[in-house]
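Here is the structure we will look at.
The model shown is predicted, which means the values in this text are computed figures rather than measured ones. Quick note: residue numbers are just sequence positions, from 1.
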Amino acid sequence: MSDGRLRVQGIGPLRAHVDGEEIELGPPKQRAAFAVLALCAGKTVSRGELVDRVWGESAPATAAGSLHTYVSGLRRALGPTKDVLASDRTGYCLRLDRDSFDAAHAHDLAERARAARDTPGALHAYEKALAVWNAGTLLAGVPGPFVARARDRFAELRLQLLVEHAEIAGFDALPDMVGRLLAEVPAHPFDERLRGVLMRALHRSGRTAEALAQYENLRRALAADLGISPSPAIQDVYAKILTDDRRTEERRAEERRADERRANERRADERRTEELVRPAQLPPDNDAFVGRTAELLTVLQSSTGGGGPRRRIVMIVGVGGIGKTALAVRGGHMLRDGYPDGQIYINLRGFDPSHAALTPDDALHQLLASVGVRHIPSGREERVALWRSLLADKRMLLVLDNAKSADQVEDLLPGAGTCFVIVTSRNRLSGLAVRHAARRIPLGALSDQESLSLLCTAIGEDRVRAEPEPARRLMALCDRSPFALQIAAEQVVSTAGARIGDLVGQLENVQHRLDGLQLADDPLCSVRAVLSWSFAALGEDAAWAFRLLGVFPGTSVTRHTAAALFGLPVGSAEVLLGRLGALCLLEQEGDRFTMHDLTRVYAAELSGGLTPGERRDALARVLAWYRVTLSTWGGSGSSRRDVPVEPPRSDVPPIRFEGQQDRLRWCEAERTNVVALVRAAHPDGEHDSAWHLTCLMFDYFYVAGQPLEWLDLLRVAMRSAEAAGNHVARAILFNHCSVAYSRLGQNEVAVRQLHRGLELLDDPADWKHRISLLGNLASTLREAKEYDAARGPAREALTLAYREGIDYYVAATHDVLCELNAETGRWEEAMRDGLPGLEYARRSHNHIIEANLLINIGLAQHGLGQQAAAEESFGEALRISQDVGDLYHEGLALFGLARASAPGGVPDDGVRAADLARRALARLEQLDAEEAAEVRAFLAGLEI
């Protein structure tokens with residue numbers, strides 16, 4: 001059917017068609033971007049979200065620039081339907097009807113089938129929905145974390161449909177149904193609902209022995225891998241099948257005899273030891289418990305040894321309110337059958353504001369009393385000895401909740417390896433890990449899906465579905481903390497007429513966010529209160545450091561950043577960070593320390609206890625350290641040379657970079673901190689810091705792209721430069737703005753920015769700063785194909801560079817002219833500008849400009865028919881680029897060598913030219929460079 005619409009096939013390999021003709025969606029990452037937009041059809045996906053969903057946590061610095069290239073490629077591929085891929089300042093949106101995307105259509109059919117389950121047409125609805133899935137796996141072969149999660153969700157939906165279809169199907173469908181269900185078991189060995197419906201189908205098909213074997217296989221798998229028994233529901237299915245089987249009586253009799261033997265053996269064991277009470281003290285399981293699958297599996301496998309060596313102690317650690325106790329109790333209930341001698345729960349009150357922490361003596365008294373000991377010794381050592389003697393050869397489960405330290409716990413540990421202990425704490429309890437090989441399970445925030453499930457359970461699925469965007473925002477504002485989410489849910493449920501969006505509006509005000517996350521009728525149900533209990537456990541110096549971290553506007557710190565913030569030596573700052581981390585107020589990953597969002601809000605609240613001078617000095621110290629660090633790199637980047645200010649002094653040693661690549665990696669890691677610091681510096685009156693720090697980030701933004709974020713930062717810096725009355729700084733910032741606008745394809749705006757900057761530099765004393773603006777003006781006009789207009793500013797820049805006598809600028813302006821002439825086929829003029837520029841580039845030790853000049857000189861030599869000389873120039877550019885790790889110019893040099901091997905388009909050595917071109921393509925595709933398209937065209941034209 002020819003209707004001009006875009007249609008997308010996602011079940012199986014990703015394909016797209018317009019008017020029946022398949023369109024080429026491009027390389028894997030470009031296909032991943034298209035898949036994300038298709039899965040989010042009709043919704044705007046921000047550029048940052050799209051980068052995260054395509055690359056995940058391993059996104060390179062160039063991801064934003066690559067994304068722009070991918071979207072452009074998709075628009076070209078979409079041809080006349082390119083308008084369906086819309087973009088604005090907030091992101092990208094694919095306008096795709098649900099019936100034009102088979103995955104969305106399949107999802108809709110599934111929802112209709114489930115809604116019709118209790119109607120006469122249910123069976124037909126399920127068969128229709130399942131028929132769509134026969135094409136294969138969702139988005140097969142498409143990379144990226146977002147697609148992977150979608151693939152898992154759709155696979156789970158398909159399994160649910162299959163099971164529900166089997167539950168309502170009649171006898172006619174049995175043969176086909178059994179085969180389909182059996183095929184799912186290897187991939188879902190622990191799914192009891194699948195096993196149950198398969199057992200019933202096998203039994204109804206006359207294959208009762210196979211049905212019973214399925215139960216036995218499930219029981220063994222659960223016991224061996226998870227240490228648990230089948231649920232009562234699946235046991236009931238098993239029992240009903242046995243009732244129908246003629247051989248049931250014999251099996252039942254044998255089971256009764258075995259039960260009696262085990263009971264007799266257990267009674268004999270009990271008579272041989274002290275008559276103990278069998279405790280069953282686990283608190284009720286939380287019905288709102290969601291997720292934590294991996295952590296729960298670790299608890300279960302630690303008990304049984306599944307997946308690794310058995311551990312007799314696990315420690316669940318994390319910040320207050322993160323769900324440690326809920327996980328311990330859930331795990332305890334799942335393990336209960338494996339510990340028939342009892343389950344003990346004790347709250348050690350390590351961080352309880354209303355009760356003193358239990359001493360080991362008091363805890364031992366409580367433990368001995370809980371197992372029925374009537375005469376408890378008075379001495380601590382005697383209590384320990386009796387406790388461990390009583391538990392010898394017992395299989396008992398202990399949950400030691402809310403431990404303050406390893407010392408509080410150690411005397412409570414059973415000596416017997418047959419017992420299992422779960423400890424929860426806000427402390428990392430390193431002593432237990434070192435001395436007892438305890439396995440630590442750090443507990444972080446819930447996932448988005450887990451948070452959504454919790455809200456649906458607590459508020460109601462219909463209400464959450466009615467406000468999807470406010471619900472997602474509520475999850476973020478609660479930092480995906482189970483405790484905070486449950487408080488927020490109770491606020492919505494308990495307030496008449498309240499909507500989720502109403503609470504979100506209240507929590508958006510960061511100054512009052514913690515006020516909204518507390519219940520008026522229960523002072524213990526408060527996020528602020530829970531955090532205050534951890535804060536109260538800090539020493540004076542660690543508490544002071546925590547307050548200062550509330551002054552820092554960024555999202556993470558290193559020990560150097562903290563040292564500058566605290567005004568302390570690096571070693572002393574690291575000790576304080578370690579103390580905060582030990583109480584889970586900070587989390588460490590590599591050399592970086594981060595806070596949960598709500599913890600950071602609490603720290604910001606406490607920072608109000610500092611004097612204005614302490615806050616101002618802390619911010620000034622950390623700004624100075626960042627400026628010194630970014631100014632001390634020994635490279636030749638323009639971000640330093642243009643800036644007419646000396647950085648302030650910092651007592652904390654700056655980071656020393658080994659080269660440009662090392663510096664750029666550091667900038668990527670610190671980008672969010674620098675942006676936050678600039679925004680905080682402006683209102684605080686630190687105007688020189690705001691514009692200077694922004695200028696020093698030029699090299700990073702030049703390489704990484706992200707022009708919209710860059711422009712937002714430049715606008716803040718421009719206001720600070722205006723407030724400081726620094727016209728040179730403003731001119732430099734106009735120069736940087738021009739580069740950002742050029743990256744957005746807005747060359748006319750870029751030219752206007754450059755002219756505004758040049759107007760500020762009319763004083764002869766400022767003319768040296770004109771050189772970079774004039775060079776950028778020439779390059780921008782060249783990109784706009786205004787070649788004649790570009791020559792004037794390029795020549796003026798060269799004249800000024802020679803007059804000022806700065807080798808770098810002489811080289812850079814010769815490079816501008818050389819590239820301009822090479823691009824317009826003026827080979828001899830390119831040589832006249834390129835050769836002297838090459839000499840100055842070598843004198844200034846700027847390898848990137850040297851490589852670029854050699855490539856343009858090589859192009860000119862190739863154009864003049866000087867093939868040997870061209871190959872030599874390209875070869876030298878290749879060696880330089882490989883030495884400094886410059887993949888971009890390495891790819892251009894390889895492509896130049898390929899073309900030099902094939903003059904006039906007719907290869908002298910087609911095999912060598914193709915090999916060089918393929919190597920060039922690999923480099924340029926790695927960087928998502930636009931020149932990759934030219935290399936592909938060259939390869940397509942080779943006749944090998």
Side-chain angles (χ1 to χ4, degrees), residues 227 262-285 299 302-303 310-316 324-325 328-329 331-352 354-425 429 431-432 435-438:
R262 285 192 292 270
N264 289 334
E265 291 170 358
R266 187 163 54 251
R267 283 192 292 271
D269 289 341
E270 290 171 354
R271 284 193 297 271
R272 286 192 295 268
T273 61
E274 181 178 345
E275 292 294 331
L276 298 180
V277 174
R278 181 183 178 276
Q281 300 176 352
L282 290 176
D285 202 356
V299 172
S302 297
S303 169
R310 182 180 181 274
R311 302 291 182 93
R312 63 190 186 94
I313 307 169
V314 295
M315 311 175 297
I316 303 172
K324 303 180 293 297
T325 300
V329 171
H333 279 288
M334 295 182 73
L335 291 169
R336 185 173 53 194
D337 291 345
Y339 294 92
D341 294 312
Q343 307 86 43
I344 293 179
Y345 171 88
I346 181 170
N347 184 354
L348 297 176
R349 304 190 183 281
F351 298 88
D352 192 325
S354 56
H355 299 85
L358 286 184
T359 66
D361 278 350
D362 292 339
L364 282 165
H365 187 285
Q366 187 171 326
L367 289 171
L368 289 168
S370 69
V371 295
V373 175
R374 297 178 181 178
H375 304 290
I376 298 174
S378 58
R380 179 170 168 180
E381 291 185 3
E382 290 81 0
R383 290 182 179 182
V384 173
L386 177 58
W387 170 241
R388 290 178 177 165
S389 297
L390 292 174
L391 266 60
D393 300 323
K394 295 290 185 184
R395 291 187 58 80
M396 191 172 286
L397 171 71
L398 280 76
V399 177
L400 307 179
D401 195 19
N402 202 14
K404 185 174 184 178
S405 65
D407 291 340
Q408 189 189 24
V409 169
E410 282 192 282
D411 284 346
L412 315 183
L413 300 177
T418 54
C419 295
F420 185 60
V421 183
I422 304 174
V423 186
T424 76
S425 181
L429 303 178
L432 292 185
R435 293 189 290 274
H436 299 279

Sequence neighbours excluded, every pair satisfying side chain to side chain donor-acceptor pair (under 3.5 Å) that has a member inside residues 378-393 | Arg380-Asp411
Do the side chains of Tyr345 and Pro279 get nearer than 4.5 Å, heavy atoms only?
-> no
CG on Asp341 to SG on Cys419, rounded to 0.5 Å = 7.5 Å
Mind checking the CZ-OG spacing from Arg395 to Ser303? Nearest 0.5 Å is all I need.
-> 7.0 Å
Output the distance between atom OG1 (Thr418) and atom NZ (Lys394), rounded to the nearest 0.5 Å.
-> 9.5 Å
Thr424: partners by side-chain hydrogen bond (donor to acceptor under 3.5 Å, both in side chains), with sequence neighbours left out | Asp401
Can you name the residues that form a side-chain contact (heavy atoms from CB on, under 4.5 Å) with Arg336, not counting sequence neighbours?
-> His333, Gln343
side-chain contact (heavy atoms from CB on, under 4.5 Å) with Asp337: which residues, sequence neighbours excluded?
-> Ser229
Answer yes or no: is there a donor N or O on one side and an acceptor on the other, between the side chain of Gln408 and the main chain of Gly350, under 3.5 Å?
-> no
With Val409, which of Val421, Ile313, Leu400 fulfils side-chain contact (heavy atoms from CB on, under 4.5 Å)?
-> Leu400
Pair up each side-chain donor or acceptor in residues 357-369 with any protein partner under 3.5 Å, not counting sequence neighbours, and list the distances.
from   : atom 1 : to     : atom 2 : distance (Å)
Thr359 : OG1    : Asp362 : N      : 3.1
Thr359 : OG1    : Asp362 : OD2    : 3.2

What heavy-atom pair brings Arg349 and Ala356 nearest, and what distance separates the two atoms?
-> CB-O, 3.9 Å
Measuring from Tyr339:OH to Leu398:CG, what's the distance to the nearest 0.5 Å?
-> 10.5 Å
Give the C-alpha distance, both sets of side-chain angles, the deciding distance and a yes or no for side chain to side chain contact (heavy atoms under 4.5 Å, CB included) between Leu335 and Val299.
-> CA-CA 9 Å; Leu335 291 169; Val299 172; 4.2 Å; yes
Option passing side-chain contact (heavy atoms from CB on, under 4.5 Å) with Ile344 (candidates Val371, Leu397, Val399) | Val371
Is any side-chain heavy atom of Met396 closer than 4.5 Å to a side-chain heavy atom of Pro414?
-> no
Straight-line distance of Gln281 CD to Ile346 CD1, nearest 0.5 Å = 8.5 Å
Could you tell me which non-hydrogen atom of Arg312 sits nearest to which non-hydrogen atom of Gly417, and how far apart they are?
-> CD-CA, 4.3 Å
Specify the closest pair of heavy atoms between Ala403 and Leu348, including all atoms of both residues, with the distance to one decimal.
-> CB-CD1, 3.9 Å
Is there a donor-acceptor pair closer than 3.5 Å between any side-chain N or O of Ser425 and the backbone N or O of Lys404?
-> no
What distance separates Ile376 CD1 from Leu386 CG, expressed to the nearest 0.5 Å?
-> 8.5 Å
